[in-house]
Amino acid sequence: MYMVPQAASAADPLDGEPSKAELDAIEREIPLILAEVELLDAEIITLDRPLSELDVRRLRRAARRVLAARRELANRGGHLGVSA
């Protein structure tokens, strides 16, 4: 049986629940998260077939949205949460 060290559990009184600051950070990153999901969806669609012109446009549009969301988040002083 795995036991959580007492110091770690005492330091986190909410038992793993996100803090208000973490929830606020997630809220700020929602546009980026949604853009990344859209890009992932576009990439998944193209896995089992050759790329059509529509697929290429969909991928480019989704990639531009991810870049725009990252730029907007960076301009607002947000943390991207990933190293690119």
Side-chain angles (χ1 to χ4, degrees):
M1 178 173 167
Y2 178 75
M3 299 292 291
V4 176
Q6 189 67 356
S9 62
D12 189 9
L14 299 177
D15 294 331
E17 293 294 322
S19 69
K20 172 110 172 78
E22 291 170 328
L23 291 174
D24 290 343
I26 292 168
E27 186 70 27
R28 283 190 304 272
E29 292 183 13
I30 287 292
L32 175 58
I33 293 167
L34 294 175
E36 289 175 338
V37 167
E38 181 182 342
L39 178 58
L40 183 60
D41 287 344
E43 291 170 339
I44 289 170
I45 288 171
T46 64
L47 287 177
D48 62 347
R49 65 177 190 220
L51 290 177
S52 68
E53 182 61 32
L54 179 61
D55 293 330
V56 171
R57 284 186 277 168
R58 183 181 294 124
L59 286 166
R60 285 184 187 155
R61 183 177 41 232
R64 282 193 305 266
R65 286 185 180 149
V66 168
L67 292 175
R70 284 184 179 181
R71 182 183 61 238
E72 180 65 27
L73 185 61
N75 287 341
R76 287 186 285 152
H79 175 66
L80 294 178
V82 296
S83 57

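Position 1 is the first residue of the sequence, and the numbers go up from there.
Residues Glu17 and Glu22 share a closest heavy-atom pair of O-OE1, 4.3 Å. Taking each heavy atom of Leu39 and Ala62 in turn, the nearest pair found is CA-CB, 3.6 Å.
The closest side-chain heavy-atom distance from Leu67 to Arg71 is not below 4.5 Å. Looking at Arg70 and Leu32, their side chains come closer than 4.5 Å, going by heavy atoms from C-beta outward.
Remark: the backbone N or O of Ser52 is paired with a side-chain donor or acceptor of Asp55 at under 3.5 angstrom.
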Side chain to side chain contact (heavy atoms under 4.5 Å, CB included) evaluation trace for Leu73 with Arg28: CA-CA 7 Å; Leu73 185 61; Arg28 283 190 304 272; 4.3 Å; yes
Test log, rule side chain to side chain contact (heavy atoms under 4.5 Å, CB included), inputs Glu36 and Leu40: CA-CA 6 Å; Glu36 289 175 338; Leu40 183 60; over 6 Å; no
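In this structure, CZ on Arg65 lies 15.0 Å from CD on Glu72, to the nearest 0.5 angstrom. The distance from the CG atom of Leu51 to the CZ atom of Arg58 is 10.5 Å, given to the nearest 0.5 Å.
By the rule that hydrophobic residues join a cluster once side-chain heavy atoms approach within less than 4.5 Å of another member, Leu34 and Ile26 end up as members of one cluster.
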